[in-house]
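Here it is, the structure in full.
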Amino acid sequence: MDRLRRMSRRRSLSVNGADDRFAEDEHQRFARYLHDLAVVPDEDEADTLTRILRDSDTTMAQSAIVRHLDRRAALLLTDDGFTAWAREMAEISAQREFLTRRLREWTLLRTITAGEPWSSEEVTTGSDWFQRKAVEALSSPAVLTLLAEAGRTRRVRADASRRLRQPHHSD
């Protein structure tokens, strides 16, 4: 009977939203977090991210958050709202090195996209993810040339060279 009561309590906590970490395994929570983040209204985004980051499985929670950051940053990359959004996300993720780095790299992509000043060092010391994303998303001949010559991986150098040969990129 005790077991049934515990299961019932777990179910009711989940339904009531009080603390459903006990009712679901990390795979279920991850899927739910992805769904919650996909439909969260802008005004509730910070609260939702903060709630997810309190999950005891920090790796899983950060994985869900980084997917959200990637999706939102890509959508906002050329939008005037990017800077304010990134500032708010930086506050939320300040204690999480991986999330902070990913947001910093999205901000660098935004800087380059907007034609603002950037340094070669910022680009060449970026993560493999950043360099692949830069080759994929940017059309700046200066960035592509830099990555074709000094990209971290053979793949980045080859892809940047290939992009440079395409006729439709400009500063």
Side-chain angles (χ1 to χ4, degrees), residues 17-21 24 26-147 150-153 155-156 159-160 163 169-171:
D19 188 357
D20 48 10
R21 286 175 278 176
E24 301 173 307
E26 68 275 8
H27 302 288
Q28 292 170 321
R29 291 194 320 275
F30 182 75
R32 184 171 44 81
Y33 291 161
L34 291 179
H35 174 267
D36 290 351
L37 290 166
V39 300
V40 68
D42 291 349
E43 62 272 9
D44 296 334
E45 181 180 31
D47 290 339
T48 301
L49 292 170
T50 301
R51 176 179 52 84
I52 292 169
L53 286 172
R54 284 194 296 260
D55 193 294
S56 60
D57 187 336
T58 57
T59 302
M60 180 273 301
Q62 287 187 90
S63 181
I65 300 295
V66 82
R67 283 196 188 187
H68 175 71
L69 287 179
D70 287 349
R71 183 181 60 79
R72 287 281 289 161
L75 290 171
L76 293 171
L77 195 60
T78 59
D79 190 277
D80 290 338
F82 181 91
T83 303
W85 172 82
R87 200 173 305 120
E88 184 174 30
M89 294 304 103
E91 288 177 26
I92 294 166
S93 61
Q95 301 303 312
R96 303 204 169 55
E97 186 179 329
F98 178 73
L99 295 177
T100 300
R101 180 174 185 143
R102 181 60 65 92
L103 190 57
R104 187 173 50 247
E105 290 182 332
W106 272 111
T107 301
L108 178 56
L109 287 170
R110 162 70 178 180
T111 297
I112 296 167
T113 299
E116 297 170 4
W118 52 273
S119 74
S120 296
E121 183 180 2
E122 289 175 295
V123 172
T124 58
T125 60
S127 69
D128 291 350
W129 173 88
F130 168 78
Q131 291 189 359
R132 286 191 310 270
K133 183 55 87 174
V135 169
E136 171 192 314
L138 300 175
S139 59
S140 165
V143 172
L144 292 172
T145 299
L146 179 61
L147 289 173
R152 291 170 64 124
T153 65
R155 174 183 170 188
V156 166
D159 289 349
R163 287 283 317 278
H169 63 268
S170 63
D171 255 342

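By convention here, the first residue in the shown sequence is residue 1.
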Reported CG-to-CZ distance for the pair Asp57 and Arg29, which is rounded to 0.5 angstrom
6.0 Å
If you measure from CD on Glu45 to CD1 on Ile92, what distance do you get to the nearest 0.5 Å?
7.0 Å
For a quick check under 3.5 Å, do His35 and Arg32 share a side-chain donor-acceptor pair by atom type?
no
Could you check whether any side-chain N or O of Arg152 sits under 3.5 Å from a backbone N or O of Gly126, counting only pairs where one atom can act as donor and the other as acceptor?
yes
Between Glu88 and Ala46, which heavy-atom pair has the shortest distance, and what is it?
OE2-CB, 3.3 Å
Which atom of Ile112 lies closest to which atom of Ser140, heavy atoms considered
CG2-CB, 4.3 Å
Would a distance-only check, ignoring hydrogens and angles, find a side-chain to backbone donor-acceptor pair under 3.5 Å from Thr100 to Ser93?
yes
Would you say that more than 12 heavy atoms from the other residues, nucleotides or ligands in this model lie under 6.0 Å from the CD of Glu97, or not?
no
Between Arg96 (side chain) and Leu53 (backbone), is there a donor-acceptor pair under 3.5 Å?
yes
Does the side chain of Leu37 reach to within under 4.5 Å of the side chain of Ile52, using non-hydrogen atoms?
yes
Tightest non-hydrogen contact, residues Arg132 and Val156, listed as CG-CG2, 3.8 Å
Rounded to the nearest 0.5 Å, how far does OG1 of Thr107 lie from CD of Glu116?
10.5 Å
Are any of the side-chain nitrogens in Glu105 or Arg101 under 4.0 Å away from the carboxylate oxygens of its partner?
yes
Would Asp42 and Arg72 pass as an ion pair if we require N to O under 4.0 Å?
yes
Side-chain contact, heavy-atom cut-off 4.5 Å: Arg51 with Tyr33?
yes
Run the side chain to side chain contact (heavy atoms under 4.5 Å, CB included) check on Val143 and Trp118 step by step: do they pass?
CA-CA 10 Å; Val143 172; Trp118 52 273; 3.4 Å; yes
Closest approach of Thr111 and Pro117, non-hydrogen atoms and distance?
CG2-O, 3.2 Å
Scan the side chains in residues 59-66 for donor-acceptor partners under 3.5 Å anywhere in the protein, sequence neighbours excluded, and list what turns up.
none

Between Glu136 and Lys133, is there a side-chain N and carboxylate O pair less than 4.0 Å apart?
yes
Kindly say whether Ala86 contributes a backbone atom to a donor-acceptor pair with the side chain of Arg110 at under 3.5 angstrom?
no
Nearest heavy atoms of Leu69 and Trp106, plus distance in Å:
O-NE1, 4.3 Å
Under the criterion side chain to side chain contact (heavy atoms under 4.5 Å, CB included), I'd like the reasoning laid out for Arg67 against Phe30: C-alpha separation, chi angles, the key distance, then a yes or no.
CA-CA 11 Å; Arg67 283 196 188 187; Phe30 182 75; 3.8 Å; yes
I'd like to know whether CZ of Arg155 has more than 12 heavy-atom contacts from other residues, nucleotides or ligands below 6.0 angstrom.
no
What is the distance from atom CZ of Arg71 to atom CG of Leu76, rounded to the nearest 0.5 Å?
9.5 Å
Note: Trp129 and Leu109 closest approach over all heavy atoms is CH2-CD1, 4.3 Å
To the nearest 0.5 Å, what is the distance between OG1 on Thr48 and CG on Asp36?
6.5 Å
After noting the C-alpha distance and the side-chain angles of Thr125 and Phe130, does the key distance pass the side chain to side chain contact (heavy atoms under 4.5 Å, CB included) rule?
CA-CA 9 Å; Thr125 60; Phe130 168 78; over 6 Å; no
Counting only heavy atoms from other residues, nucleotides and ligands, does the tally under 6.0 Å from CD of Glu43 exceed 12?
yes
Does the pair Asp70/Arg102 count as a salt bridge with the N-to-O cut at 4.0 Å?
yes
Please check: side-chain N/O of Glu122 versus main-chain N/O of Leu108, any donor-acceptor pairing under 3.5 Å?
no
